[in-house]
Asker: 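Below are the structure tokens for one structure; questions will follow.
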There are 2 protein chains.
Amino acid sequence: MSLPHAILTALLEQPGSGAELARRFDKSFGFFWPATHQQIYRELGRLEKDGLIRSTGRDSSRGRAKDYEVLGEGRRELQRWTAEQQDPRPVREALMIRLRAASVLGDPIADELERHLRLHREQLATYRALDERGNWGGGNELQRSVLTAGIMFEETWIAWAEQTLDAL
Amino acid sequence: MSLPHAILTALLEQPGSGAELARRFDKSFGFFWPATHQQIYRELGRLEKDGLIRSTGRDSSRGRAKDYEVLGEGRRELQRWTAEQQDPRPVREALMIRLRAASVLGDPIADELERHLRLHREQLATYRALDERGNWGGGNELQRSVLTAGIMFEETWIAWAEQTLDAL
DNA sequence: ATGGCCATGTAACGTGTTACATGATTTC
DNA sequence: GAAATCATGTAACACGTTACATGGCCAT
């Protein structure tokens with residue numbers, strides 16, 4: 001149950017339409033909770049129906065942008081959720097299964113490991129660019145911490161893949 | 001589509017019943033692909049129906065353990081899947097959303113960060129114990145790499161949480 | 001023989017994924 | 001005014017989660 005709360009957070013930071021939210025999720029918000037536009041529209045509909053947000057524009061025909069803002073009830077719900085205890089979700093990394101499968105089958109896996117290594121180097125570069133371009137300091141230290149987590153995890157991934165490839 | 005292949009891998013390493021598989025997933029296999037017994041039974045049923053595995057025992061009444069083994073078709077399917085290109089799944093870490101929510105709401109989050117820090121320290125201890133007890137060297141280097149990944153990611157998590165707490 | 005545990009299931013639901021559809025806006 | 005693009009949606013399905021149910025086994 002994180003997506004509706006991710007959307008509430010994004011709308012509190014800055015109200016906007018479904019398509020704008022989808023773009024923000026692609027750019028930064030979704031690095032730790034990705035979402036497609038279909039998911040976003042579905043959740044926006046539910047949040048509006050439940051009275052947590054409302055659409056501000058009066059023109060609501062099909063192809064027109066619809067801006068949303070968070071209502072008091074939505075802010076309270078987000079506060080309740082943020083204060084909750086929630087254990088971390090288990091990790092799911094299919095490549096680890098494939099390593100074990102390659103191990104029991106005796107099949108090669110180095111090429112795929114190298115490909116993933118490249119992808120993670122690209123992701124690291126993306127995070128670093130964001131980190132350098134951002135203006136940090138002034139109440140958004142926590143936002144930067146999130147980005148730092150992304151950087152640290154990508155660095156770890158890269159270090160692990162390099163040493164695993166060496167050991168092959 | 002990783003769970004059926006995780007099960008095939010586990011059954012190739014060692015044939016067994018659904019309940020045995022569920023225990024192995026809790027112990028080691030599921031660190032990077034957790035599964036409940038309900039999921040496992042569902043997949044075992046499908047894999048058997050599709051002719052990738054078969055149950056070896058003849059007694060198949062409801063409360064009796066049913067052992068499965070991988071058929072040739074199952075091994076081929078696992079090889080096909082292992083050789084496939086698959087991009088990494090996006091990470092989903094709800095705590096990062098909660099950090100951003102706490103940031104925009106101005107609410108405290110340190111307690112929950114500390115609680116997660118404790119949980120990750122425990123997980124790290126579990127992985128380290130497994131690493132020390134295992135007998136490594138002899139064709140299972142890749143299995144150890146998977147465990148090493150677990151250790152490195154937990155260490156990174158801990159380092160990040162400590163520095164984030166300091167900065168609060 | 002019964003109470004507790006173990007193994008195998010069933011059912012309902014929520015979320016994520018993929019493919020496709022339709023109305024509005026812009027561009028040439 | 002036709003084509004491309006953008007924004008909003010619908011539909012179907014796969015997967016994961018939770019709660020519950022049933023049959024066998026074992027200890028007392």
Side-chain angles (χ1 to χ4, degrees), chain A residues 1-8 11 15-26 29-50 53-68 81 86-94 97, chain B residues 1-8 11 15-26 29-50 53-68 81 86-94 97:
Chain A
M1 277 269 295
S2 293
L3 180 55
H5 302 93
I7 290 176
L8 286 173
L11 284 179
S17 69
E20 279 169 353
L21 284 176
R23 279 191 293 271
R24 266 194 269 164
F25 267 74
D26 280 345
F29 218 94
F31 288 153
F32 285 101
W33 207 276
T36 61
H37 78 268
Q38 291 90 335
Q39 278 178 282
I40 289 171
Y41 286 124
R42 180 160 67 185
E43 287 305 332
L44 284 172
R46 287 178 193 167
L47 289 167
E48 187 174 26
K49 176 173 66 63
D50 294 346
I53 63 174
R54 71 164 179 195
S55 73
T56 54
R58 54 211 70 66
D59 182 350
S60 66
S61 56
R62 183 167 182 131
R64 306 287 299 279
K66 221 156 70 175
D67 281 353
Y68 289 95
W81 180 79
Q86 293 175 219
D87 287 353
R89 291 206 170 192
V91 184
R92 282 206 161 83
E93 176 58 70
I97 304 300
Chain B
M1 275 267 296
S2 294
L3 181 54
H5 301 94
I7 290 176
L8 287 173
L11 284 179
S17 69
E20 278 170 352
L21 284 176
R23 278 191 293 271
R24 266 193 269 163
F25 267 74
D26 281 345
F29 218 95
F31 288 152
F32 285 101
W33 207 275
T36 63
H37 78 269
Q38 291 91 334
Q39 277 178 283
I40 289 170
Y41 287 124
R42 180 158 68 185
E43 287 304 334
L44 284 172
R46 286 178 193 167
L47 289 168
E48 187 175 26
K49 177 173 66 60
D50 294 345
I53 64 174
R54 71 165 179 192
S55 72
T56 54
R58 55 211 69 69
D59 182 351
S60 66
S61 58
R62 181 163 182 137
R64 307 287 298 279
K66 221 156 71 176
D67 281 354
Y68 289 95
W81 180 78
Q86 294 175 218
D87 286 354
R89 292 206 169 193
V91 184
R92 281 206 162 82
E93 176 58 71
I97 304 300

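Residue numbers begin at 1 in each chain, while the letters A, B, ... track the order of the sequences.
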Asker: A:Met1 CE to C:dT15 C1': how many Å, rounded?
Answerer: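 One finds 11 Å between C1' of C:dT15 and CE of A:Met1, rounded.
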Asker: What parts of residues 16-26 of chain A reach DNA chain D, counting only heavy atoms under 4.0 Å away?
Answerer: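 Those residues are A:Ser17, A:Gly18, A:Ala19, A:Arg23.
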Asker: Just call it for B:Arg89: base, sugar-phosphate, or nothing, with non-hydrogen atoms closer than 4.0 Å on any strand.
Answerer: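 Nothing, no heavy atom under 4.0 Å.
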Asker: Got a second to check how far B:His37's NE2 is from B:Arg42's CZ, nearest 0.5 Å?
Answerer: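 Here the interatomic distance stands at 11.5 Å.
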Asker: To the nearest angstrom, how far is A:Lys66 atom NZ from C:dT25 atom P?
Answerer: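 Computing the A:Lys66:NZ to C:dT25:P distance gives 15 Å.
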Asker: Once side-chain contact (heavy atoms from CB on, under 4.5 Å) is applied, do any residues pair with A:Pro90, and if so which ones, sequence neighbours excluded?
Answerer: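 For A:Pro90, the residues satisfying side-chain contact (heavy atoms from CB on, under 4.5 Å) (neighbours in sequence not counted) are B:Pro34.
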Asker: Tell me every residue that passes side chain to side chain donor-acceptor pair (under 3.5 Å) with A:Trp33, counting only those two or more places apart in sequence or in another chain.
Answerer: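 Partners of A:Trp33 by the side chain to side chain donor-acceptor pair (under 3.5 Å) criterion come out as none, since no residue qualifies.
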Asker: Report the residues that fulfil ring pair (Phe, Tyr, Trp, His ring centres under 6.0 Å) with A:Phe29, sequence neighbours left out, ordered by chain and then residue number.
Answerer: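 Listed in chain order: A:Phe25.
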Asker: Please identify each residue that fulfils side chain to side chain donor-acceptor pair (under 3.5 Å) with A:Arg54, with sequence neighbours left out.
Answerer: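 If we apply the side chain to side chain donor-acceptor pair (under 3.5 Å) test to A:Arg54, skipping adjacent residues, the hits are A:Glu69.
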Asker: May I ask you to evaluate whether B:Trp33 reaches the phosphate of D:dC15, defined as a side-chain N or O under 4.0 Å from OP1 or OP2?
Answerer: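 No, no such contact exists.
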Asker: Which residues pass the salt bridge (charged side-chain N to carboxylate O under 4.0 Å, His left out) test with B:Arg92, sequence neighbours left out?
Answerer: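 Scan of B:Arg92 (salt bridge (charged side-chain N to carboxylate O under 4.0 Å, His left out), adjacent residues dropped) gives none.
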Asker: Only counting residues at least two apart or in another chain, list the ones meeting side chain to side chain donor-acceptor pair (under 3.5 Å) with A:Glu43.
Answerer: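 In terms of side chain to side chain donor-acceptor pair (under 3.5 Å), with neighbours along the sequence ignored, A:Glu43 is linked to A:Arg46.
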Asker: In whole Å, I'd like the distance from the CD1 atom of A:Ile7 to the P atom of C:dG16.
Answerer: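 Atom CD1 in A:Ile7 sits about 10 Å away from atom P in C:dG16.
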Asker: List the atom pairs, with distances to 0.1 Å, where a side-chain N or O of residues 17-24 of chain B and a protein N or O form a donor-acceptor pair under 3.5 Å, not counting sequence neighbours.
Answerer:
| unit_1 | atom_1 | unit_2 | atom_2 | d |
| --- | --- | --- | --- | --- |
| B:Ser17 | OG | B:Glu20 | N | 3.3 |
| B:Glu20 | OE1 | B:Ser17 | N | 2.9 |
| B:Arg24 | NH1 | B:Ala10 | O | 2.8 |
| B:Arg24 | NH1 | B:Gln14 | O | 3.3 |
| B:Arg24 | NH2 | B:Gln14 | O | 2.6 |

Asker: Whole Å only: how far is the CD atom of A:Glu43 from the P atom of C:dT17?
Answerer: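 After rounding, the reported distance stands at 13 Å.
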Asker: So, does B:Arg92 get its side chain near the phosphate of D:dG16, meaning an N or O under 4.0 Å from OP1 or OP2?
Answerer: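 Looking at the OP1 and OP2 atoms of D:dG16, neither is under 4.0 Å from any side-chain N or O of B:Arg92.
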Asker: Identify, residue by residue, the members of residues 35-42 of chain B with a heavy atom below 4.0 Å from DNA chain C, and return them in order of residue number, or none.
Answerer: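 Correct list: B:His37, B:Gln38, B:Tyr41.
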